[in-house]
J.: 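If you scroll down you'll find the structure; I have some questions about it.
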Amino acid sequence: MDFLEGLNPQQQAAVAHVEGPLLLLAGAGSGKTRVITHRIAHLIEAHRVPGPCILAVTFTNKAAEEMRQRVHNLLGGLSSRESPVVSTFHSFCVRLLRRDGDRLAELRPGFTKKFTIYDEDDQVALIKSIFKATGLDEKFMSYRGACSWISQKKSHKESPQDVYGAATDPNITRLASVYEQYEARLRQANALDFDDLLLEAVRLLAHDEDLRRQYNQRFEFVMIDEYQDTNRTQYELIRLLTGSHKNLCVVGDEDQSIYGWRGADIRNILDFEHDYPNAAVIRLEQNYRSTKNILEAASAVVANNTERKGKWLWTTSGAGERIARFEAFDGEQEALFIADTIEKLLTASPEDRAAVLYRTNFQSRQIEEALRRYGRKYVVVGGFSFYQRAEIKDALAYLKVLSSPHDSVSVLRIINTPARGIGKSTIEQIEQYALENELSIWSAIGRMLDENVFPPRAEAALRTFRNMIQELAAMLATAKVSDVLEEILARTGYIKMLEGDKDPESESRLANLNELINAAAEAAERGEGVAEFLDHAALVSDSDNLDERAPVSLLTLHNAKGLEFPIVFLAGLEEGLFPHMRSLDSKAAMEEERRLCYVGMTRAEKRLFLTTARYRRRWGGGETEASIPSRFLSEVPEALVQDLSPRKRAGQVDLYGERQEVREAARRNLYTGKTYNSVENIQQFFNERGKQPAAAPATPTAIAKVAPAAPKAVPTTHIPKPTPRAKPLRSGSNIIHPKYGRGTVLRREGDGDDAKLTVSFPGYGLKKLIEKYAGIKEE
DNA sequence: AAGAAGTGGCTTTTT
DNA sequence: GCCACTTCTT
């Protein structure tokens with residue numbers, strides 16, 4: 001078979017390129033995966049390169065699986081001995097360390113190839129324990145915050161000592177200490193976190209010249225997908241792997257770089273030609289996926305970015321439908337519009353698939369509810385995955401302890417699950433002892449039992465626990481993983497605990513555990529041992545089991561990378577949500593948000609809907625907040641847009657604002673002049689005021705009292721007259737600022753002299769203002 | 001020691 | 001609205 005056939009000239013050139021570095025700039029929908037798979041097949045068949053000498057690295061397991069499958073199909077079946085190695089960065093590194101990691105012990109004392117992998121939950125548990133030992137709590141910093149702080153330091157190769165040295169305030173010093181303890185505890189547990197998997201593989205390859213040579217010789221051709229999302233460590237790994245031959249092909253699109261927050265370094269792709277001087281560069285700019293309108297709209301949005309090489313995708317397909325825009329009253333109406341539209345479109349053409357993409361996971365709930373009302377089946381990608389469920393993590397923690405007893409995080413997870421009489425005070429005692437003597441929890445238990453320090457009841461419970469673990473560990477050496485799992489669940493009483501539980505959730509937990517046992521049985525049949533089974537559990541992501549054929553999928557924009565759908569909805573296009581609040585004050589972050597928008601838009605083949613809500617409730621019972629449409633909406637050329645918003649369609653004035661105020665007022669029992677005909681509310685208002693006149697800062701009386709207070713210690717030149725107001729500024733109020741002009745109040749914090757307003761000014765973004773000094777006038 | 005009931009705090013995105 | 005953590009109860 002000729003693998004150059006049926007490809008456009010640029011694609012052909014890429015497939016035919018054999019030796020030396022190649023940068024493939026592949027725009028969205030330009031047939032990138034096709035090129036990579038054809039190139040692999042071409043290397044194997046036309047150039048007689050043995051499959052196992054080709055390494056292709058992808059971002060997700062799912063992408064790896066798909067690539068494997070497609071190469072397989074192209075070549076009409078390959079035995080596993082002839083297959084190329086297709087893997088994610090993380091699983092590649094894990095395999096390297098498990099197979100050839102012995103000499104890492106020279107760099108990392110205590111390391112053995114039986115290491116365990118700590119996922120984010122494990123890391124949080126560890127940080128929690130370190131915080132407790134250090135006398136810190138979550139008010140100092142959230143556990144997750146500390147995790148990502150440490151991760152940042154690690155991936156920038158800053159050691160705890162470096163941080164100590166550069167520390168400017170005591171909080172940094174405290175963090176450095178947490179970091180130092182964190183590293184020490186990982187080593188003590190012979191555990192690696194996600195960062196370590198890459199970092200230690202790099203350190204090992206740099207350190208062990210023989211090993212490096214071996215890998216260089218083995219992997220004669222290396223291909224990296226989604227190169228724009230690689231970080232510095234991955235970059236170093238690639239350099240080490242291709243040191244001797246430079247047969248490196250990287251594929252990427254700087255406009256789709258969306259993992260900067262996780263350390264992805266866009267320089268990797270922007271500087272490729274500089275790093276590999278004689279690199280060939282091929283651009284794939286013909287788009288085969290989307291209609292002309294969709295492509296033009298997406299291109300127009302991303303053209304607002306400056307950090308890009310710049311390209312313009314083109315297509316021979318027709319204009320298609322215009323981009324639909326829908327401005328809903330609130331999140332609920334937005335969700336109902338989406339569900340309703342999906343219902344209509346899929347009824348009309350049942351073979352189509354639709355995807356709803358959103359910026360944050362919490363947005364899925366309302367959309368799910370709406371879809372359920374329509375009786376539409378859907379799949380949600382993201383949120384908590386199978387392997388993150390408590391019962392699954394418990395079962396896996398047992399397995400981890402059996403194969404690596406010094407894994408203290410796992411020991412502490414299961415030591416009293418199910419309850420076996422090892423209580424809080426006993427556990428604290430053990431933790432304390434372990435800390436003082438620099439022992440793992442497992443060793444500490446052993447030593448303390450020898451020293452007879454426990455009260456009789458705790459002692460008996462601990463002995464039973466220890467014996468049970470030892471017996472199960474002995475079983476693990478010979479039996480199948482699935483059998484050991486079953487034995488664990490039976491002997492620990494875990495199954496009994498769930499069966500006796502009246503919580504309706506328990507039934508599904510039991511089902512999940514059964515599924516886990518099945519998965520283990522399948523793994524055993526493939527000849528995998530415990531380590532491989534656990535590695536797989538640690539490294540699968542939720543997007544890996546996305547079923548692309550599902551008629552309706554709900555997923556985050558990040559999870560949508562690499563996918564395509566005939567119908568796409570981008571939901572929640574509001575300033576502060578998308579672009580996200582945390583990106584508003586940084587140009588680089590804003591450009592990443594815009595790339596995310598570009599990724600989302602270019603997922604669509606035929607129809608693209610952009611939806612936004614005027615008011616959104618951020619958390620459950622909290623306040624509804626007014627929002628303003630995302631800047632990305634206005635970056636789509638008006639000529640390409642068809643507006644489906646109800647108020648425009650009906651040709652009416654905007655009643656939303658008024659309705660909203662009435663609602664809010666009714667809820668807060670405030671008289672705003674709009675509810676005078678509601679006896680109930682007037683009654684409530686007076687009742688409330690009679691009870692606590694001063695406690696309601698938002699009432700006119702309270703404001704009048706506060707307003708005349710003189711400002712202190714503020715440059716006199718900038719003090720505008722405090723404007724006494726009849727009505728307090730709240731979410732949704734429209735105001736005029738002397739410098740920024742018209743804006744909408746998004747949020748109000750504090751009261752009286754301290755009242756701060758978050759205001760969105762079109763053209764200036766969000767600003768935080770002190771109400772008293774800002775010189776704001778109500779519009 | 002172990003469950004039940006109540007409270008605060010919070011939400012980007014993820015291999 | 002949900003989760004984790006605390007306090008209360010037995």
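Letters A, B, ... mirror the listed sequences (proteins, then strands); counts begin at 1.
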J.: Base, sugar-phosphate, or nothing for Lys139(A), non-hydrogen atoms under 4.0 angstrom?
T.: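 No contact at all - Lys139(A) keeps every heavy atom at 4.0 Å or more from the nucleic acid.
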
J.: If you only use heavy atoms from C-beta on, which nucleotide in dT15(B), dT11(B), dT14(B) is closest to the side chain of Trp261(A)?
T.: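 For Trp261(A), the side-chain atoms sit closest to dT14(B).
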
J.: Which part of the nucleic acid, if any, lies within reach of Tyr143(A) when heavy atoms closer than 4.0 Å are counted: base, sugar-phosphate only, or nothing?
T.: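 If one applies the 4.0 Å heavy-atom cut-off, Tyr143(A) turns out to touch the sugar-phosphate alone, with no base involved.
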
J.: Do we see a donor-acceptor contact under 3.5 Å between the side chains of Tyr235(A) and Arg239(A)?
T.: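 Judged by distance alone, the side chains do pair up.
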
J.: Verify the neighbour count for atom CD of Glu428(A): are there more than 12 heavy atoms of other residues, nucleotides or ligands below 6.0 Å?
T.: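 Counting other residues, nucleotides and ligands, CD of Glu428(A) exceeds 12 neighbours.
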
J.: Is any side-chain nitrogen or oxygen of Thr556(A) closer than 4.0 Å to OP1 or OP2 of dT14(B)?
T.: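 Yes, within the criterion.
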
J.: Given that His580(A) and Glu120(A) both sit by DNA chain B, which one's nearest nucleotide is further toward the 5' end?
T.: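 Final value for this comparison: His580(A).
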
J.: Would you say the ring centers of Trp261(A) and His558(A) fall short of 6.0 Å from each other?
T.: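 Yes.
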
J.: How is Ser425(A) classified with respect to the nucleic acid when contacts are heavy atoms under 4.0 Å: base, sugar-phosphate, or nothing?
T.: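 Sugar-phosphate only.
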
J.: Rounded to whole angstroms, how far apart are CZ on Phe362(A) and P on dT13(B)?
T.: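 Phe362(A) atom CZ is separated from dT13(B) atom P by 9 Å.
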
J.: In whole Å, what is the span from the CG atom of Asp195(A) to the C1' atom of dT14(B)?
T.: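 Going from Asp195(A) (CG) to dT14(B) (C1'), I get 12 Å.
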
J.: Taking 4.0 Å as the cut-off, does a side-chain nitrogen or oxygen of Asn361(A) come that near to OP1 or OP2 on dT13(B)?
T.: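 Yes, because at least one side-chain N or O of Asn361(A) sits under 4.0 Å from OP1 or OP2 of dT13(B).
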
J.: Does Lys62(A) put a side-chain nitrogen or oxygen below 4.0 Å from OP1 or OP2 of dT15(B)?
T.: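 Checking Lys62(A) against dT15(B): no side-chain N or O falls below 4.0 Å of OP1 or OP2.
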
J.: For Lys424(A) and Glu369(A), find the nucleotide of DNA chain C closest to each by heavy atoms; which residue's nucleotide sits nearer the 5' end?
T.: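 Its nearest nucleotide lies further toward 5', so the answer is Glu369(A).
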
J.: Nearest of dA2(B), dG1(C), dT14(B) to any side-chain atom of Arg365(A)?
T.: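 Per side-chain heavy atoms of Arg365(A), the pick is dG1(C).
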
J.: Considering only side-chain heavy atoms of Asn559(A), which listed nucleotide, dT15(B), dC5(C), dA1(B), is closest?
T.: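 When the side chain of Asn559(A) is considered, dT15(B) is the closest of dT15(B), dC5(C), dA1(B).
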
J.: How would you label the contact of Phe578(A) with the nucleic acid (heavy atoms, under 4.0 Å): base, sugar-phosphate, or nothing?
T.: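 Counting heavy atoms under 4.0 Å across all strands, no contact is made by Phe578(A).
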
J.: May Phe89(A) be described as stacking on the base of dT15(B), applying a 5.5 Å centroid limit and a 30° limit on plane angle?
T.: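 Aromatic stack with dT15(B) absent for Phe89(A).
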
J.: Using ring-ring contact (aromatic ring centres under 6.0 Å, His included) as the criterion, list what pairs up with Tyr143(A), not counting sequence neighbours.
T.: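 If we apply the ring-ring contact (aromatic ring centres under 6.0 Å, His included) test to Tyr143(A), skipping adjacent residues, the hits are Phe131(A).
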
J.: Expressed in angstrom and rounded to an integer, what is the separation of Ile258(A) atom CD1 from dT15(B) atom P?
T.: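 From Ile258(A) CD1 to dT15(B) P: 11 Å.
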
J.: Quick check for you: among dA2(B), dT15(B), dC5(C), whose closest atom lies nearest to any side-chain atom of Ala419(A)?
T.: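 Nearest to the side-chain atoms of Ala419(A), counting from C-beta on, is dA2(B).
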
J.: Mind calculating the distance between CD1 (Ile427(A)) and P (dA1(B)) to the nearest angstrom?
T.: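 Atom CD1 in Ile427(A) sits about 9 Å away from atom P in dA1(B).
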
J.: Do the rings of Phe329(A) and Tyr615(A) sit parallel, tilted or perpendicular, given the 30° and 60° boundaries?
T.: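 Geometry flag for Tyr615(A) against Phe329(A): tilted rings.
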
J.: May I have the distance from Ile224(A) (atom CD1) to dT15(B) (atom C1'), rounded to whole angstrom?
T.: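 Nearest whole value for this atom pair: 15 Å.
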
J.: Separation of Asp265(A) atom CG from dT15(B) atom P, in whole Å?
T.: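 These atoms are roughly 20 Å apart.
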
J.: Just how far, in rounded Å, is P of dT11(B) from CE of Met581(A)?
T.: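 Rounded to whole Å, this separation is 13 Å.
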
J.: Give the rounded distance in Å between these two atoms: CZ of Arg582(A) and C1' of dT11(B).
T.: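 To the nearest whole Å, that distance equals 9 Å.
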
J.: His90(A) vs Phe194(A) aromatic rings, parallel, tilted or perpendicular, using cut-offs 30° and 60°?
T.: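 Answer is perpendicular, since the angle exceeds 60°.
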
